[in-house]
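Below is one structure, written out as structure tokens, with a few remarks after it.
No experiment lies behind these values; they were computed from the predicted model shown. By convention in this document, chain letters (A, B, ...) are assigned in the order of the sequence lines, proteins followed by strands, and residues within each chain are numbered from 1.
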Number of protein chains: 2
Amino acid sequence: MKVTIKRIAEILKVNPSTVSRALRGKPGVSEELRNKILRTAEELGYYPDTRARSLKEGSTRTIGILIPDMGNPFFANAVAAMERVLFPMGYSFFLCVTEEDNEKERINLQKLLSYNVDGILAAPVDRIKNIKLYKQIQSKGIPLVFFDRRIVDLKVPYAVTDNRDGVYKLMDYLKKMGHESLGIITLHRESYTGMERLNAAIERAKELGMEVRENWIKDGKSTQRGAYEAAKELFKERKLPTALFVCNNVMTLGVMKALKELSISVPDSISLVTFDDSFWNQIFDPPVTCVAQDPMQLGMIAATMLLNSIKYPDQQEQDGVILKTHFIERYSVKNLLITTNGEG
Amino acid sequence: MKVTIKRIAEILKVNPSTVSRALRGKPGVSEELRNKILRTAEELGYYPDTRARSLKEGSTRTIGILIPDMGNPFFANAVAAMERVLFPMGYSFFLCVTEEDNEKERINLQKLLSYNVDGILAAPVDRIKNIKLYKQIQSKGIPLVFFDRRIVDLKVPYAVTDNRDGVYKLMDYLKKMGHESLGIITLHRESYTGMERLNAAIERAKELGMEVRENWIKDGKSTQRGAYEAAKELFKERKLPTALFVCNNVMTLGVMKALKELSISVPDSISLVTFDDSFWNQIFDPPVTCVAQDPMQLGMIAATMLLNSIKYPDQQEQDGVILKTHFIERYSVKNLLITTNGEG
DNA sequence: CCCAGTTACACAAACGTTTGCGCAGTCATG
DNA sequence: CATGACTGCGCAAACGTTTGTGTAACTGGG
């Protein structure tokens, strides 16, 4: 038998409204009765039913967080940061994991709509499939902030990394080190991030006169396993590029594993640069040169933007925040200019 | 203006009950009217209000997941596994992060009670502070499963790793390699895991005749940063042990960082073994010898146990699952027997 | 043509809260 | 002692659902 306000009211032979007022500390109930009510509530182990309360009051004080992958420390840390911002404000969290699957994303978004969350933080799967659902969320006036990825067609506030700029830094560096050919292990291509990084890499590389063959571009599917297989595929090619660009952190693990199995040494046989800097990049042998983005910062900013959207629902200005990456030079890229000189 | 069943009923000039039956596919409404209702629901963007529904029906189809740290891949992966088991069953998730803080744990547990979750998966902070709350959860008949950590005083189903056995494997190995002295970087000591591993290590080491000085045991507080500082402290000591046992995965990162900064080489200057095997253990230089537990498996099992508790609420039998660790020998422990022979 | 059975809908109560309003009783003021 | 203000509580409606029951209208069989 559940302990409710009604139940307490019955026991104490008072009206439920009085119990409610007593528990919420509202005026209109004598000190004596209030104490008696508080005591029995404590004794019986009463907890207010948020469903009923929020039904009456409107707000649920919950936030939906939608990410593609729990196992990726990038997202795990972003979520951690969001929690740190939002928890002190009294919010709880619905965690939704899409696994890059449109169908799972759809179901989760519909659930969030049904749960009447106060806001949504989402890293959407792709730019097409569930756009209608996101539009619906928007048109219902539910505060929504994209992070890491966005849907460009939608006028929704976002916090993302400047992928293009980050990739340019890497490409320019490779060129500077004398590399003239490039392979790429891509994210799954439907995603915003996937597109951005791939296109930027190809464009910049070509601008710099580097060769990027079609069959040097392999789909890593955003996962460790996918990247592992992609790398294995790549190294079956007769002619190989001198440098390899891996589009995110977890895929780097897969590529590394493949390299180890094939006994291909970095940077002697091939040079390596990556997007993202997880701890393992520093402790690889050799440490991997990369552009870093800070998932905690991203999460914090996204959460703060959401809070703002919740507070000022009509504000349309805050279009988006674009974070710059931080270039970190380590030892995974060979300087071909020096080497060839030495050999010549 | 929110679109509700009532609203649809008004527009179509029918009774809300009819709309409800139509939407839920229940009998008693003509094909023609049903279609009309479905169409307008679709047009208006209707989503059922789960608060109201669950208020009526009882079950919320939500699960509370409580973990200490989002940034720890161990827990992130455990959560990922739980999601994979529970999502197909139609459950949603309240994510609660305690950061090893009793107060945060209390608030979160109270929220879960207020949210009327159908079940709770928890890795509790410690064995004392919120025991009353856990008891309350239990006595209210809310299915509860502990994972990774448990509160021994409570008769609650659990899925944990055999910490003692794991630690024994490591100690026995160290002894076999000729080590006679041991340092320990501990978890925060109030936790179940913290206690288990520390006690087991001290006991076994002493049994084997190894020296474990008080000031070789440093509190790493379960975090990377804490372990970093603890390691720095440890290496201030005049006399050092030949081997160091780090009690979990993220702390290993902190210790490694400290070792690097202090230019202490592994395993030449000191040998290293750890509990847990995250990816970085394999790619450290040298790769780290450890006992591994599989967080995915742990999460899966815990989630399955919870499902069982939900399905058969009265079943008291399923006391707990204890998973064995897997010993992985790598290159972070020096064989003192061979070396001393060589030198002598 | 009557009755039983079926169909298609309306009505109302309930889930657990919150809150505006009403209404006695108390107290002070004039 | 009448008036007004205040205090302390009960009453009832509402949030959005679901579901048991009631009830017309229609069907077909005898």
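When side chains are defined from C-beta on, A/Phe93 does not count as touching B/Val97, because their heavy atoms never get closer than 4.5 Å.
Rounded to whole angstrom, the span from the CG atom of B/Leu113 across to the P atom of C/dG16 amounts to 15 Å. Atom P of nucleotide D/dT7 and atom CG of A/Leu33 are separated by 16 Å, given to the nearest angstrom. In this structure, CD of B/Glu57 is placed 6 Å from P of D/dT18, rounded to the nearest angstrom. As rounded to whole Å, 23 Å separates atom P of C/dC15 from atom OH of B/Tyr115. Distance A/Arg34 CZ to D/dT7 C1': 13 Å, rounded to the nearest Å. One atom, NZ of B/Lys56, and another, P of C/dA14, lie 9 Å apart when rounded to the nearest Å. One interatomic measurement links the two molecules: CG of B/Asp49 to P of C/dC15, which rounds to 18 Å at whole-angstrom precision. One atom, OH of A/Tyr47, and another, C1' of C/dG16, lie 17 Å apart when rounded to the nearest Å.
A cation-pi arrangement, defined by a distance under 6.0 Å to the six-membered ring centre and an angle within 45 degrees of its axis, is absent between A/Lys111 and A/Phe94.
Listed pair B/Lys26 / D/dT18 fails the phosphate criterion, with no side-chain N or O lying under 4.0 Å from OP1 or OP2. The shortest distance between the side-chain N/O atoms of A/Asn15 and the OP1/OP2 oxygens of D/dC9 is not below 4.0 Å. Between A/Lys6 and C/dA14 there is no side-chain N or O to OP1 or OP2 distance below 4.0 Å. Contact annotation: B/Thr18 reaches the phosphate of C/dA10 (side-chain N/O to OP1 or OP2, under 4.0 Å).
Within the 4.0 angstrom heavy-atom criterion, only backbone atoms of the sugar-phosphate kind lie near A/Ser30; the bases stay farther away.
Between A/Lys13 and A/Ala52, the one whose closest nucleotide on DNA chain D sits nearer the 5' end is A/Lys13. The nearest heavy atom of DNA chain C to B/Val14 and to A/Ile5 marks one nucleotide each, and the one closer to the 5' end goes with B/Val14.
With hydrogens and angles disregarded, no donor-acceptor distance shorter than 3.5 Å links the side chain of A/Thr193 to the backbone of A/Arg149.
Judged by distance alone, with hydrogens and angles left aside, A/Ser17 brings a side-chain donor or acceptor within reach of the base of D/dC11, the pair sitting under 3.5 Å. At a cut-off of 3.5 angstrom, the base of D/dG20 holds at least one donor-acceptor pair with the side chain of B/Arg21. Put simply, the side chain of A/Arg51 and the base of D/dG16 share no donor and acceptor less than 3.5 Å apart.
For the residue pair B/Thr62 / B/Tyr115, no side-chain donor-acceptor distance below 3.5 Å is found, with atom types taken as modelled.
The neighbour count for B/Lys132 NZ, taken as heavy atoms of other residues, nucleotides or ligands under 6.0 Å away, does not exceed 12.
For B/Leu55, the listed nucleotide lying nearest its side chain is C/dG16; candidates were D/dT17, C/dG16, C/dA10. The side chain of A/Ser20 lies closest to C/dT18, out of D/dG16, C/dT18, C/dT17.
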